[in-house]
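Inspection log for the structure reproduced underneath, given as structure tokens.
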Amino acid sequence: LLVMDPKLSPPTSYVRQVPMHKLHIFTAIQLVLLVGLFVIKRSPAGLLFPLCILLLVPIRMFLLPKIFTKRELRYLDSEEEIDGEDVGDEVIDL
């Protein structure tokens with residue numbers, strides 16, 4: 001989705017409901033965290049790997065809500081279509 005024309009993106013709920021720049025920010029955060037976990041796993045500090053996995057929970061609970069709205073996170077975290085009634089906001093096609 002980073003280099004794809006938005007008109008050609010798949011018709012999933014998060015693509016239609018979350019602005020593209022927010023999708024890019026979410027993807028960049030995921031990539032940074034993935035690389036960080038890989039570096040820690042391969043380093044002598046590899047024993048801290050389980051602690052780093054545990055730290056992903058507070059990042060999701062406290063850091064991401066400062067960047068994304070509750071509605072956006074609901075769509076980004078979902079695996080299936082979400083009805084507008086479940087989110088608490090009306091469904092807006094972007």
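These numbers were taken from a predicted model, which means no experiment stands behind them.
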Exercise. Answer with yes or no whether the hydrophobic clustering places Ile40 together with Phe38; edges join I, L, V, M, F, W, Y residues whose side-chain heavy atoms lie under 4.5 Å apart.
Key: no

Self-check item: Pro19 side chain reached by Glu72 side chain, heavy atoms, under 4.5 Å
Solution: yes

Quiz prompt | ILVMFWY cluster, Leu37 and Val39 together (side-chain gap under 4.5 Å) | solution = no

Quiz item: Is Leu73 close to Pro65 at the side-chain level, that is, under 4.5 Å between some pair of heavy atoms?
Solution: yes

Practice problem: Treating Ile, Leu, Val, Met, Phe, Trp and Tyr as nodes and any side-chain heavy-atom pair under 4.5 angstrom as an edge, say whether Leu33 and Ile53 lie in one connected cluster. | Solution: yes

Quiz prompt | Inter-residue atom distance His21.NE2 - His24.NE2, 0.5 Å rounding | solution = 9.5 Å

Practice problem: Among Ile29, Ile25, Leu76, find the residue that satisfies the side chain to side chain contact (heavy atoms under 4.5 Å, CB included) test when tested with Leu64. | Solution: Ile29

Quiz item: Phe62, Val57: one ILVMFWY side-chain cluster at the under-4.5 Å cut-off?
Solution: yes

Exercise. Would you indicate whether Leu47, at its atom CG, is surrounded by more than 12 heavy atoms from other residues, nucleotides or ligands within a distance under 6.0 Å?
Key: no

Quiz prompt | Leu56-Phe49 co-clustered via ILVMFWY side chain contacts under 4.5 Å | solution = yes

Exercise. Find the distance between CG (Leu54) and CD1 (Ile59) and round it off to the nearest 0.5 Å.
Key: 10.5 Å

Quiz prompt | Atom of Lys22, atom of Phe68 and distance for their closest heavy-atom approach | solution = O-CE2, 3.4 Å

